[in-house]
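Encoded as structure tokens, the structure appears first; notes follow it.
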Amino acid sequence: MRTTTTRSRTRLRLAGALATVLVAAGIATGPAAAHAEGKPQTLADLAQRHGRYFGSATDNPELVDEPYKAILGSEFDQITPGNGMKWYATEPQQGVFDWSQGDEIVNLARANHQKVRGHTLVWHSQLPGWLTSREWTAPELRAVLKKHIQAEVRHYRGKVFAWDVVNEAFNEDGTYRETVFYKTLGPGYIADALRWAHQADPKVKLYLNDYNIESVGAKSDAYYELAKELRAQGVPLHGIGLQAHLALQYGYPTTLEDNLRRFSRLGLDTALTEVDIRMYVPADEAKLATQAEWYRDLTEACLAVRRCVGITLWDYTDKYSWIPAFFDGEGAALPWDEQLARKPAYFAIREALR
Ligand code: 9MR
């Protein structure tokens with residue numbers, strides 16, 4: 001694991017101190033510190049100079065929060081709906097589709113000139129009750145899955161640039177997760193899902209997406225092998241999404257860059273799709289400094305690999321992070337705090353992007 005060097009710690013402190021001085025002097029009041037030529041540089045501006053995007057997830061209930069929306073709309077050039085395009089939201093009754101939440105996100109993105117990652121078509125979680133509350137034969141479930149995928153991909157054709165087609169298909173040890181789709185249809189459901197999505201929108205980039213695959217290891221090896229096989233069979237798979245829900249207590253995934261690179265060599269794009277770095281709360285200066293270091297390292301890892309196309313935070317502020325509700329005693333995972341103030345992590349990302 002890379003440790004926080006004295007030099008980078010000093011750089012961080014200086015960056016933080018400089019920002020404080022600029023804000024106090026009324027020089028830097030916008031979402032980003034003023035650039036030398038006077039043009040404010042956002043994370044998106046900086047990422048674009050490397051041919052990457054810098055994005056954030058967002059969720060429909062938050063869109064009434066105007067200060068939140070202002071930063072979401074200015075700092076990022078890509079957004080992902082945190083929940084609005086999931087199966088329970090889009091097909092609440094069998095064959096009855098509701099695009100309202102996803103459309104709200106797409107319309108917001110259009111107003112802010114942002115691109116959208118579609119998330120997600122096939123997942124074992126957040127499924128509608130009508131799907132989980134009964135048994136299905138293989139032909140029945142196949143038809144249900146195909147219809148859902150194609151209706152959704154068709155609806156968002158030209159509006160999303162990428163889809164997380166199958167989400168979280170593997171267990172930690174690299175075996176297939178025993179989801180209703182796997183148990184009923186066998187492992188071929190993944191190739192089928194990709195083919196059906198491709199039929200519905202031949203231009204959209206199709207991804208498999210998962211957590212704990214940032215490092216080289218059993219779970220990411222499973223994706224590597226599957227991806228190789230799918231590519232060899234001509235199945236339309238274009239990218240692997242590494243969620244990157246990291247936690248300080250588990251250590252930094254030091255093989256991230258190598259891992260991204262091996263997927264590139266298969267001819268695949270990669271993306272960091274749901275980044276957050278949680279810690280035990282309360283946060284303190286040391287933990288925030290380590291967190292900042294990790295945000296810098298993962299940004300640098302993506303920039304170092306040509307086919308790593310962009311980075312998405314799993315929302316940008318601790319105010320709307322999923323972490324406290326899911327991990328008791330943990331939080332403070334994002335580069336903006338609950339008051340929408342920028343944390344050391346924000347300045348570290350900027351440094352990495354410069
Ligand atoms: O951010 C999402 C949160 O609002 C939901 O309650 C949660 C339910 O599982 O899903 C969160 O997003 C998940 C994403 O869709 C897939 N990867 C893990 C994310 C965090 O749970």
Side-chain angles (χ1 to χ4, degrees), residues 55-65 68 72 76 78-92 100-102 104-106 108-109 116-129 131-132 148-149 152 156 160 162-172 177 179-182 190 193 206-215 219-220 222-223 239-247 250 253 270-279 298 310-336 338:
S56 172
T58 188
D59 205 2
N60 300 78
E62 303 155 20
L63 299 179
V64 293
D65 180 340
Y68 165 83
L72 182 72
F76 304 99
Q78 180 273 320
I79 58 177
T80 304
N83 290 297
M85 291 185 186
K86 289 174 179 173
W87 202 324
Y88 80 103
T90 52
E91 196 180 355
S100 55
Q101 294 187 53
E104 188 183 12
I105 305 288
V106 164
L108 180 70
V116 178
R117 290 193 88 253
H119 176 80
T120 174
L121 299 169
V122 189
W123 191 27
H124 63 276
S125 186
Q126 292 179 289
L127 290 168
L131 200 158
T132 53
H148 177 75
I149 290 172
E152 181 150 11
Y156 289 111
V160 307
W163 270 111
D164 289 330
V165 178
V166 181
N167 195 40
E168 302 175 3
F170 285 106
N171 294 314
E172 295 306 295
R177 192 191 281 270
T179 67
V180 61
F181 307 109
Y182 178 79
I190 297 178
L206 303 179
Y207 280 69
L208 303 178
N209 188 55
D210 213 325
Y211 61 89
N212 284 352
I213 58 166
E214 295 73 38
S215 295
K219 197 173 184 181
S220 66
Y223 277 96
I240 302 292
L242 294 78
Q243 294 182 7
H245 292 293
L246 306 183
Y250 299 133
T270 52
L272 304 180
T273 54
E274 305 185 11
V275 180
D276 47 28
I277 304 173
R278 62 188 191 268
M279 62 182 71
L298 67 83
I311 299 175
T312 308
L313 306 173
W314 206 239
D315 224 319
Y316 71 84
T317 160
D318 295 334
K319 186 172 184 182
Y320 297 122
S321 173
W322 68 293
I323 298 289
F326 281 76
F327 298 95
D328 213 20
E330 296 181 55
L334 293 162
W336 278 257
E338 289 183 29

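In what follows, every heavy atom counts, from backbone to side chain, and hydrogens, waters and symmetry copies are set aside. All ligand and atom numbering here is 1-based and tracks the order in the structure.
- When hydrogens are left out, the protein atom nearest atom 19 (C) of ligand 1 is E274 OE1, 3.4 Å; that is the closest non-hydrogen contact.
- Nearest non-hydrogen protein atom to atom 2 (C) of ligand 1 is N83 OD1, 3.7 Å.
- The closest donor-acceptor contact from the side chain of Q126 to the backbone of Y88 lies at 3.5 Å or more, if one exists at all.
- With hydrogens and angles left out, the side-chain atoms of D210 and Y223 include a donor and acceptor closer than 3.5 Å.
- Listed by atom number, the atoms of ligand 1 under 4.0 Å from H245 heavy atoms are 18 (C), 19 (C).
- When each of V165, V122, L208 is checked for a side chain to side chain contact (heavy atoms under 4.5 Å, CB included) with I190, only L208 meets the rule.
- The protein heavy atom nearest to atom 1 (O) of ligand 1 is W314 NE1, 2.9 Å.
- The F326 neighbourhood of ligand 1 comprises atoms 6 (O), 7 (C), 8 (C), with distances under 4.0 Å to a heavy atom of that residue.
- Proximity of a side-chain donor or acceptor of N60 to a complementary backbone N or O of Q101 within less than 3.5 Å is detected.
- Ranking the protein heavy atoms by distance from atom 10 (O) of ligand 1 puts K86 NZ, 3.2 Å first.
- Heavy-atom contacts of Q243 reach the following atoms of ligand 1: 17 (N), 18 (C) (cutoff under 4.0 Å).
- Considering only heavy atoms from C-beta on, M85 comes within 4.5 Å of V116 through its side chain.
- Residue W322 has at least one heavy-atom neighbour below 4.0 Å for each of these atoms of ligand 1: 20 (C), 21 (O).
- For ligand 1, the atoms sitting less than 4.0 Å from at least one non-hydrogen atom of E168 are 16 (C), 17 (N), 18 (C), numbered in the order shown with element in parentheses.
- In this structure a side-chain-to-backbone donor-acceptor pair under 3.5 Å is present from Y316 to Y68.
- Applying the side chain to side chain donor-acceptor pair (under 3.5 Å) test to D276 and every residue at least two apart in sequence or in another chain returns H245, W322.
- Where the criterion is an N or O separation shorter than 3.5 Å, residue side chain and backbone included, D59 fails it with respect to ligand 1.
- Remark: minimum distance from atom 14 (C) of ligand 1 to any protein heavy atom is reached at H119 NE2, 3.4 Å.
- Between N212 and the options E168, Q243, K219, a side chain to side chain contact (heavy atoms under 4.5 Å, CB included) holds for only K219.
- Among residues two or more places apart in sequence or in another chain, the ring pair (Phe, Tyr, Trp, His ring centres under 6.0 Å) test is passed with Y211 by none.
- At a 3.5 angstrom cut-off on N or O pairs, N167 does not count as close to ligand 1.
- Heavy-atom separations between W123 and ligand 1 include at least one value shorter than 4.0 Å.
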